[in-house]
Protein chains: 2
Amino acid sequence: MSCEQLFREQLGKKGLRLTSQRKLVLEILHHQEGPVSAEMVYDSVHQLDPQLDRSTIYRTLDLLKEFGIVQQIQSNDRSSYYEHTGTDQPHVHMVCQKCGKIFIADQKLFEKLQKSLEKQLGFIPDWSQMTIPGICETCRQQA
Amino acid sequence: MSCEQLFREQLGKKGLRLTSQRKLVLEILHHQEGPVSAEMVYDSVHQLDPQLDRSTIYRTLDLLKEFGIVQQIQSNDRSSYYEHTGTDQPHVHMVCQKCGKIFIADQKLFEKLQKSLEKQLGFIPDWSQMTIPGICETCRQQA
DNA sequence: CTCTATGCAAAGCTTTTGCACGTTA
DNA sequence: TAACGTGCAAAAGCTTTGCATAGAG
């Protein structure tokens, strides 16, 4: 099933509608590589539909997040980033504090940690929303 | 060496000065249990010195962070939290996405993960700035 | 006595909201 | 044709900044 169909279906379940604006936002996210900010989505979308408002972007991103079609990522700046995951597993992101580049970590590395946290503190982490700050190899070599 | 002395020394290195305002902010942080927002610091500080401005709080928190005397924590709301670490090791925080409570994780749990990330991606994480989102035990039982 | 720090007021930035008008199913 | 969605404008919330004055060393 295509992403758009999935979106339409989920919207339908809640009595909501698939509009051209919602389609466009999803379309843009679909063609992005890696996480993008709401502002970046706006920029792309704006070129195709100059009328489309930022508020519509935010409202659409909220829905897509709710449906698990995109994941929201915390960054070190003040804004959120969004990544289209489709039917893939959500994954953990690492953000270089120097260059801002975002890396993706192997999910397996977190399995043991997850079990320990659950056992010790009863806390169940949601890795999909997590960002690990740090320094990437390139920036480290430059320093 | 006391925190204040450490602060004064670090300030001195940069030709900066230890003012009564900076002392007060550090003092307040020192007597807090767990992480507090800039606004919470402001509230406490305000009772002792009603003149002291928010901008001074932010400027001071930046310095303290730079010196490693406090660590800044991302939360699930849009604001930052700060925790006095003094000479202790910085630690990883977990934030419950439902009740907003902040937990502290055992640093040992992260050692293996750290090695793997460094080996696989050349990425060196800065745990002191990391926050793990998730659901705490209490909220889970209520659901 | 010099250079830094502060308070004040205003602006910045991302995100949210209220409302009248369009549009979808 | 009844909800629902959109654009617009304004506001909200946290944080930053410019500038004149006050204060530390």
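A note on names: the letters A, B, ... follow the listed sequences, proteins ahead of strands, and every chain is numbered from 1.
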**Report entry** Side-chain ion pair, A:Glu66 and A:Lys14, N-O less than 4.0 Å
**Finding:** yes
Between [atom2] of [N] and [atom1] of [X], the distance in whole Å:
X       : N      : atom1 : atom2 : answer
B:Leu11 : D:dA24 : CG    : C1'   : 12 Å
B:Gln21 : C:dC8  : CD    : P     : 11 Å
A:Leu24 : D:dT6  : CG    : P     : 11 Å
A:Asp77 : D:dT16 : CG    : P     : 12 Å
A:Lys23 : D:dT6  : NZ    : P     : 12 Å

Query raised in the report: In terms of ring plane angle, is the pair B:Trp127 and B:Phe110 parallel, tilted or perpendicular, where the classes change at 30° and 60°?
Result: tilted
Query raised in the report: For nucleotides 10-25 of chain C, read 5' to 3', which letter fits each nucleotide if B means a protein heavy atom sits under 4.0 Å from the base, S means only the sugar-phosphate is that close, and - means neither?
Result: ----SBBBB-----BS
**Report entry** salt bridge (charged side-chain N to carboxylate O under 4.0 Å, His left out) partners for A:Arg54, two or more places apart
**Finding:** A:Glu39
Report task. Not counting sequence neighbours, which residues clear side-chain hydrogen bond (donor to acceptor under 3.5 Å, both in side chains) with A:Tyr58? List them please. Result -> none
Query raised in the report: So A:Gln21 and A:Thr56, side-chain hydrogen bond (donor to acceptor under 3.5 Å, both in side chains) or not? Walk me through it.
Result: CA-CA 8 Å; A:Gln21 291 91 335; A:Thr56 302; over 6 Å; no
Query raised in the report: Which pairs with one or both residues in residues 108-127 of chain A pass salt bridge (charged side-chain N to carboxylate O under 4.0 Å, His left out), sequence neighbours excluded?
Result: none
Shorter than 3.5 Å, N or O on both sides, protein versus nucleotides 20-22 of chain D: list them out with atom names.
none

Query raised in the report: Do A:Thr85 side-chain atoms and A:Ile69 backbone N/O form a donor-acceptor pair below 3.5 Å?
Result: yes
Using residues 43-51 of chain A as the side-chain source, report each donor-acceptor pair under 3.5 Å to any protein atom, sequence neighbours left out, with the distance given to one decimal.
{"unit_1": "A:Ser44", "atom_1": "OG", "unit_2": "A:Met40", "atom_2": "O", "d": "3.3"}
{"unit_1": "A:His46", "atom_1": "ND1", "unit_2": "A:Tyr42", "atom_2": "OH", "d": "3.4"}
{"unit_1": "A:Asp49", "atom_1": "OD1", "unit_2": "A:Gln51", "atom_2": "N", "d": "3.0"}
{"unit_1": "A:Asp49", "atom_1": "OD1", "unit_2": "A:Leu52", "atom_2": "N", "d": "3.4"}

